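Input: a single structure, listed below in structure tokens.
So that the names make sense, note that chain A is the first sequence line, chain B the second, and so on, each numbered from 1. The shown structure was predicted, so the numbers you read here are calculated from the model rather than taken from an experiment.
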Amino acid sequence: MPQGTFVLVSSLERMSLMTVPVRTRFAPSPTGYMHIGGMRTALFAWLWARHMGGTFILRIDDTDQERNVEAALDPIFRAFEWLGLTWDEGPKVGGPFEPYYQSKRTPLYQAAVDKLLASGKAFKDFDPPEVIADDRKQAEAAKRTYVNVRRSLELTDAERQQLEANERPFVVRFLIPRDQKIAIDDAVRGHVEWDCSLMPDPVIMRSNGSFLYNFATVVDDGQMQITHIIRAEEHLANTPVQALIHLALENPMPVFAHIPFITAPGSTKKLSKRDVEKLRTSPQLKKMFERADEVFPQIGVGDSKTLNPVMVEYYERLGYLPAGILNALSRLGWSLDGTTEFMSLAEVVQNFTLERIVKAPAGFDPEKLQSFQQHWMNQLSIEEKIDGCLPYLTKAKLIPADVDHAVRSTVGRVIGAVADRLRIFSDILDYKEFFIADDAMPFDEKPFQQRLRDATEAVGLLKSIREQLAVIEPYDAPTLDKLVHDFVESQGIKIGQIVHALRVAVTGKSVGIGLFDALAILGRDSSLRRVERALNRV
RNA sequence: GCCCCCAUCGUCUAGAGGCCUAGGAUGCAGGAUUCUCAGUCCUGAUACACGGGUUCGAAUCCCGUUGGGGGUACCA
């Protein structure tokens with residue numbers, strides 16, 4: 001370190017001295033949707049608060065929003081509520097530092113600016129934007145790092161008064177102590193240091209009197225007594241300025257923890273909503289978009305254009321489990337150890353530490369998410385699965401809105417037979433054949449052709465087995481199983497010769513649940529009608 | 001350009017000098033089970049970016065290179 005300079009602050013020391021309860025926050029903008037990456041950032045902040053028995057705060061960053069903030073906020077609250085990430089202070093619940101909307105906190109920012117101005121740690125800059133732009137251009141031409149020229153600081157008191165009397169527009173700049181260095185001890189990245197001589201004095205108040213994010217956030221974090229600023233890595237570069245402002249405001253220095261962002265699958269770039277159209281064709285996400293286009297229209301929530309995999313609501317609407325999403329998000333950039341994959345939220349809370357956050361960006365992997373989801377879905381009881389699936393069937397009008405005992409029982413039998421083929425609740429829509437009228441059931445053309453038309457013996461076999469299906473008692477899966485096997489033996493055929501044809505005949509598809517379960521669930525009458533219908537169609 | 005961050009299988013990660021001929025998961029390939037699909041169970045392939053040090057010994061520490069990313073606003 002050059003002589004005459006010194007490091008201003010080390011938050012690591014403060015961290016060890018810290019005895020105050022942990023307070024973390026998440027400060028979303030009302031964008032109209034909750035970003036999956038933002039959710040992960042929020043989760044980490046939430047986890048740290050919960051792990052430490054502290055407080056988690058939601059603060060709305062609506063400085064540049066005009067109208068309709070409430071509507072744009074709704075999906076955000078919805079996402080937190082769906083995942084069960086409760087906030088202790090913020091919108092809806094209030095708290096000791098109200099209001100929790102930045103747009104309503106301007107008096108606080110004004111007071112802070114006044115304080116800085118009074119102590120000479122900020123100054124009014126009367127240079128018009130064109131002059132500043134010119135300075136920048138010159139620095140660029142000279143291959144010099146640009147720092148603003150402090151002309152307004154050279155003004156005499158009389159000149160300054162003159163300008164103010166003339167109502168000359170000005171911005172307020174925070175005065176960077178250029179002879180110093182600023183360092184932080186980031187809880188995940190370690191010691192990071194910047195040379196203040198390279199830093200321009202940041203504008204903290206615009207000429208129209210509004211405040212900049214970099215300033216407002218510091219004022220808020222200070223006033224709300226945030227102890228740990230857990231946020232995405234892209235804010236690391238903002239940190240020296242913010243730390244300096246904290247110092248100038250005489251706030252206790254919070255601990256910073258910059259977590260890596262989530263990258264798009266197959267990319268090293270941040271997962272962002274702006275690139276959704278590119279993501280649509282990415283091999284990893286293609287299926288997810290297709291699934292949306294398949295399911296959402298059926299349940300009346302648009303398609304993949306209204307809801308896509310960067311939005312939390314996509315997962316909710318498709319019937320993912322909070323446990324699956326939470327588990328996946330927790331493991332993105334954090335691990336408990338080398339082997340533990342499946343963790344409930346409670347287990348993560350118990351074990352979560354900042355220290356084990358990975359420094360490198362993490363790629364979002366839908367397939368890994370799928371495996372977490374599958375695990376948690378398999379933990380559910382049949383009754384829970386029924387409750388999860390029912391809304392999809394009613395919205396798709398496959399069952400009546402008022403679900404009676406009989407319907408619920410049928411759904412239960414289907415789900416039982418579907419077993420672990422059910423990964424997300426909307427998967428139940430892949431088994432429509434059990435909920436539609438016999439004469440409305442569609443046949444997949446390819447298997448119909450292959451198994452019924454092209455297989456020369458299929459029609460004869462189907463006719464024979466139909467006779468037996470008509471009289472077999474009882475009409476349940478084990479009995480049907482035995483029936484078919486006996487049939488196969490007596491006919492001297494392979495089981496595949498009858499099973500495939502029968503499956504296509506009664507379900508219209510080549511794949512699905514076990515054939516005998518399917519027959520039993522459909523019942524004798526439906527089974528016979530469907531076989532009949534298939535035979536007539538050949 | 002300048003500042004800052006990052007770098008282990010395709011992906012998520014374990015690894016804080018010898019336990020590493022690098023472990024787990026996911027995905028992939030093959031096999032078994034089976035009426036299809038899914039699942040399950042075996043088996044397999046795949047990684048320490050590169051170059052210099054330091055050390056008896058380096059994925060681990062240091063330096064450099066390369067690559068990737070972020071920032072550089074009267075955006076957030």
Side-chain angles (χ1 to χ4, degrees), chain A residues 27-29 31 61-64 102 125 128-129 132-133 136 139-140 142-146 169-173 186 188-190 192-195 198-200 202-214 216-217 232-240 258 260-261 263 265-270 283-284 328 331-342 356 358-372 374 378 418-423 427 430 447 451 481 484-485 488 494-504 507 509-516 518:
Chain A
S29 299
T31 49
D61 190 344
D62 57 349
T63 43
D64 61 358
Q102 287 193 327
D125 186 351
I132 304 292
R136 185 172 277 119
E140 225 165 88
K143 298 199 166 163
R144 256 188 0 253
T145 303
Y146 165 78
F170 63 87
V171 296
V172 176
R173 285 182 190 273
D186 191 281
V188 347
R189 325 204 84 86
V192 189
E193 197 175 287
W194 294 264
D195 188 340
L198 269 17
M199 294 163 58
V203 173
I204 58 179
M205 190 178 94
R206 299 186 182 92
S207 51
N208 68 5
S210 65
F211 303 91
L212 279 97
Y213 158 82
N214 237 2
T217 196
E233 180 187 352
E234 65 230 60
H235 289 285
L236 185 57
N238 288 328
T239 306
H258 288 96
F261 47 75
T263 65
S267 144
T268 50
K269 294 208 171 57
K270 208 170 82 176
Q284 296 90 341
R331 283 286 290 100
L332 220 46
W334 179 82
S335 70
L336 170 55
D337 52 39
T339 55
T340 309
E341 295 288 342
F342 301 121
R356 288 197 63 86
V358 177
K359 292 181 181 69
F364 175 66
D365 181 0
E367 295 190 307
K368 185 103 182 181
L369 164 64
Q370 202 67 358
S371 91
F372 285 114
Q374 186 187 329
N378 288 152
V418 168
D420 46 26
R421 290 175 190 83
L422 188 82
R423 299 238 176 118
D427 283 346
D430 289 343
R451 299 301 188 184
D481 192 329
V484 171
H485 279 90
V488 162
K494 283 189 196 154
I495 192 155
Q497 290 177 273
I498 180 64
V499 143
H500 298 304
L502 194 48
R503 175 190 303 285
V504 175
T507 68
K509 298 175 179 171
S510 58
V511 299
I513 63 172
L515 176 61
F516 310 116

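In this entry G39(B) has U33(B) as its Watson-Crick or G-U wobble partner, both defining distances falling under 3.5 Å. When both pairing distances are held under 3.5 Å, G10(B) makes a Watson-Crick or G-U pair with U26(B). Across every strand in view, G1(B) sits in a pair with U72(B) that passes the Watson-Crick or G-U test at under 3.5 angstrom. Judged by Watson-Crick or G-U wobble contacts below 3.5 Å, the nucleotide C50(B) has G64(B) as its partner.
For D481(A) and U36(B), the CG to P distance is 13 Å, given to the nearest whole Å. Taking atom CG on L336(A) and atom P on C12(B), their separation rounds to 19 Å, with Å as the unit. For the pair Q284(A) CD and U11(B) C1', the computed distance is 9 Å after rounding to whole Å. In this entry the distance linking CZ of F516(A) with P of U36(B) reads 10 Å, nearest Å. Taking atom CD of E140(A) as the reference point, atom P of C3(B) lies 15 Å away to the nearest angstrom. Between the CG atom of D186(A) and the C1' atom of C6(B) there is a distance of 13 Å, given to the nearest Å. Between K494(A) atom NZ and C35(B) atom C1' the separation is 14 Å, expressed in whole Å. What separates CD1 of I513(A) from P of U36(B) is a distance of 15 Å, to the nearest Å.
Between E233(A) and K270(A) no salt bridge is recorded (no basic side-chain N to carboxylate O distance below 4.0 Å).
Mapping H500(A) and R144(A) onto RNA chain B via the closest heavy atom, the residue that lands nearer the 5' end is R144(A). Nearest-nucleotide mapping onto RNA chain B: of V188(A) and D420(A), the residue sitting toward the 5' end is V188(A).
For G51(B) and U60(B), the P atoms lie 12 Å apart once the distance is rounded to whole Å. Of the C1' atoms belonging to G10(B) and A49(B), the separation is 16 Å, rounded to the nearest Å. When the C1' atom is compared between C48(B) and C42(B), the two are found 29 Å apart, to the nearest whole Å. Across C62(B) and G27(B), the matching C1' atoms stand 37 Å from one another, rounded to whole Å. Taking atom P in both C12(B) and U21(B), one finds a spacing of 25 Å when rounded to whole Å. Between U26(B) and U34(B), the two P atoms lie 24 Å apart (nearest whole Å). Rounded to a whole angstrom, the distance from the P atom of A76(B) to that of U72(B) is 11 Å. One P atom belongs to C61(B), the other to C6(B), and the distance between them is 12 Å to the nearest Å.
Looking at heavy-atom distances under 4.0 Å, L332(A) makes contact with sugar-phosphate atoms alone, never a base. Counting any heavy atom pair closer than 4.0 Å across all strands shown, V358(A) reaches sugar-phosphate atoms only and no base atom. G512(A) comes within 4.0 angstrom of a nucleotide base, judged by non-hydrogen atoms across all strands. Heavy atoms of G333(A) sit under 4.0 angstrom from primed sugar atoms or phosphate atoms, though from no base atom.
Side-chain atoms of S267(A) come within 3.5 Å of backbone N or O of K269(A) as a donor-acceptor pair. A distance-only check finds a donor-acceptor pair linking the side chain of T507(A) to the backbone of R503(A) [under 3.5 Å]. Looking only at distances, no side-chain donor or acceptor of R423(A) sits under 3.5 Å from a matching main-chain atom of S371(A). Judged purely by atom type and a 3.5 angstrom limit, R173(A) has no side-chain atom pairing as donor or acceptor with the backbone of P202(A). Under a 3.5 Å cut-off, the side chain of R189(A) and the backbone N or O of H258(A) do form a donor-acceptor pair.
Considering only heavy atoms from C-beta on, R421(A) stays 4.5 Å or farther from D427(A) through its side chain. Using a 4.5 Å heavy-atom cutoff, the side chains of S335(A) and R356(A) are in contact. When side chains are defined from C-beta on, Q284(A) does not count as touching D365(A), because their heavy atoms never get closer than 4.5 Å. Put simply, the side chain of I132(A) reaches to within 4.5 Å of the side chain of D125(A), judged on heavy atoms. For the pair I204(A)/L212(A), no side-chain contact is recorded, criterion being any heavy-atom separation below 4.5 Å from C-beta on.
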- [ ] Report, as a single string ordered 5' to 3', how protein heavy atoms within less than 4.0 Å touch nucleotides 61-76 of chain B: B base, S sugar-phosphate only, - not at all.
- [x] -------SSSS-SBSB
Open item on the list: Please encode protein proximity along nucleotides 15-31 of chain B as a string of B, S and -, counting only heavy-atom distances under 4.0 Å.
Closed with: S-------BBBSS----
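For L198(A), the listed nucleotide lying nearest its side chain is C3(B); candidates were C35(B), A38(B), C3(B).
Considering all non-hydrogen atoms of both residues, Y146(A) and P200(A) come closest at O-CG, 3.7 Å.
Under 3.5 Å, the side chain of R503(A) and the base of C35(B) form at least one donor-acceptor pair of N or O atoms.
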